[in-house]
Amino acid sequence: MHLGKAWPWISTVARLGLAAVFLIAGGLKVTDLAESGRAVNAYRLMDYDTAKLVGAIQPFLEIAVGLLLLIGLAVRLSAAISALLLVVFIAGIISAWARGLQIDCGCFSKGGDLAAGRNTAYGLDIARDTGFLLLAGILLWKPRTRFSMDGLLMGER
Amino acid sequence: MSKGNRDRERSAAKRIVEQQKAAERRRAVTIWTSVAVVGVLLIAGLIGWGVLSRQESNDASTLTTPSVAVDDGTAFAVGTGPVTVDLYEDFMCPICHQFEIAADATIDQLVADKKITVRYHPVAILDRASNGTEFSTRSAGAAAAAAVGGKFSEFHKVMYDNQPEENSDGLSNAKIIELGKSVGLGDDFATAVNDKTYTAWATKVTETFSTRGYTGTPTIVVAGKQLQGTGGTIPTAAQLSEAVTAAAG
């Protein structure tokens with residue numbers, strides 16, 4: 001199968017999909033930064049003051065990355081940063097899983113400890129994040145997309 | 001050299017110059033868009049940091065600590081026994097309600113027997129579960145007002161008896177005031193609830209809870225040691241009694 005001409009379109013779908021992921025993830029958290037900080041704290045990887053700062057900055061970073069992908073500015077770099085963030089998230093979930101912590105990953109929710117008796121879904125969370133990582137991978141490999149600032153600035157049709 | 005050859009060479013040279021120009025342009029665009037991306041991310045990070053610091057200084061300036069609070073002003077003590085039992089609960093948390101139903105009589109008995117001092121920490125970690133009305137924070141603040149009015153235990157009980165469903169709007173301030181009045185609280189209580197007098201205080205209690213490394217409710221701590229049931233579940237009333245007996249020595 002010859003995909004040559006289709007790549008910019010495939011990449012465009014990947015770019016907009018990944019943009020939506022980051023905008024939604026950031027948008028859900030940005031309204032309650034204290035909760036976002038507690039979600040980070042639940043991973044028990046840093047002291048609470050650090051977790052609070054990370055929790056406050058993270059949603060804004062996610063929204064910024066989402067917007068950059070949406071308009072398609074420096075797509076390869078934006079995709080690399082997305083991939084880095086996703087790798088950090090996946091590592092965090094694996095470490096929580098390995099330590100037997102009962103937490104909600106907080107990817108699309110505010111996270112935090114789960115109430116007793118509710119099951120964690122670490123495997124699913126990791127699978128989902130890996131899927132997003134795949135989208136970032138497509139963009140790293142083929143960053144040329146349609147309807148992008150990059151294309152506009154490069155003078156492409 | 002023929003004219004045709006010269007033309008070909010000239011157009012080849014022109015093409016090379018054009019390609020070089022295009023390559024240069026791509027390079028410049030790549031550099032400047034990368035700079036822009038880094039700039040945008042820096043600004044986003046600074047916004048997050050700025051919003052957090054503003055919230056914190058705002059909380060610090062509006063903080064009213066209830067006069068009757070213990071444990072650095074973050075809890076309300078019930079009883080006078082030698083063993084301290086710390087209970088961190090959110091009024092929206094259904095598991096807290098289950099724990100209250102299961103252990104309430106035992107706790108009352110231990111208090112009456114002068115075996116324990118219960119320190120209630122009304123934390124607010126479930127604001128997300130009340131459709132934006134921040135029921136957890138409002139109810140924790142109301143509990144402070146009830147404590148100032150001398151009716152903490154009664155208010156605590158009536159709030160759990162009337163616990164709203166998670167992901168509902170929670171109880172309105174009017175309903176909270178009505179419940180407060182039903183246990184003998186007066187107009188000062190109503191004013192504190194309506195004026196959000198203890199909102200910043202509820203945040204402080206929650207922060208103290210997080211700083212201590214606790215992340216879920218209910219968190220039950222007996223004589224400084226977190227008590228959990230089998231497999232990380234909520235302890236039963238019997239397990240609580242045992243832990244108290246063990247701590248009393």
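Reckoned from all heavy atoms, side chains included, excluding hydrogens, waters and symmetry mates. Every chain is numbered from 1 and lettered A, B, ... according to where its sequence line falls, protein lines coming before strand lines.
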Quick check on I81(A) against chain B: is it the side chain, the backbone, both or neither that has a heavy atom closer than 4.5 Å? side chain
Cut-off 4.5 Å, heavy atoms of chain A, and the answer for T203(B) is neither
Can you find a heavy atom in the side chain of Y43(A) that is under 4.5 Å from one in the side chain of T215(B)? no
What part of A28(B) lies closer than 4.5 angstrom to a heavy atom of chain A: side chain, backbone, both or neither? neither
Most heavy-atom pairs under 4.5 angstrom with chain B, which of A56(A), A64(A), P59(A)? A56(A)
Let me know if E207(B) has heavy atoms under 4.5 Å from chain A in its side chain, its backbone, both or neither. both
Taking 4.0 angstrom as the limit, do K175(B) and D169(B) come out as a salt bridge? no
Is chain B contacted by the side chain of L68(A), its backbone, both, or neither, given a heavy-atom distance below 4.5 Å? side chain
Given the options G213(B), S210(B), P218(B), which has more heavy-atom pairs under 4.5 Å with chain A than any of the others? S210(B)
Under 4.5 Å from a heavy atom of chain B, the part of L153(A) involved: both
Hey, can you tell me if W7(A) and W141(A) have their rings parallel, tilted or perpendicular (30° and 60° cut-offs)? perpendicular
So which part of F60(A) gets closer than 4.5 Å to some heavy atom of chain B, the side chain, the backbone, both or neither? both
SB check R15(B) E18(B) (cutoff 4.0 Å): no
For V65(A), which atoms come within 4.5 Å of any heavy atom of chain B: side chain, backbone, both, or neither? both
Measure up the Y120(B) and H156(B) rings against each other and bin them: parallel (under 30°), tilted (30 to 60°), perpendicular (over 60°). tilted
Choice from L42(B), L41(B), I47(B) maximising heavy atom contacts with chain A below 4.5 Å: L41(B)
In terms of heavy-atom proximity below 4.5 Å to chain B, should L73(A) be classed as side chain, backbone, both, or neither? both
Any Lys/Arg nitrogen of R212(B) or D71(B) sitting under 4.0 Å from an Asp/Glu carboxylate oxygen of the other? yes
In terms of relative ring orientation, are H121(B) and Y88(B) parallel, tilted or perpendicular, with 30° and 60° separating the classes? parallel
Would R119(B) and T84(B) count as a side chain to side chain donor-acceptor pair (under 3.5 Å) if you check the C-alpha gap in whole Å, the side-chain angles of each, and the deciding distance to 0.1 Å? CA-CA 7 Å; R119(B) 296 196 301 196; T84(B) 301; 5.2 Å; no
Identify which part of L152(A) has an atom lying under 4.5 Å from any heavy atom of chain B, answering side chain, backbone, both or neither. backbone
Pairing of D150(A) and R76(A) as salt bridge, 4.0 angstrom limit: no
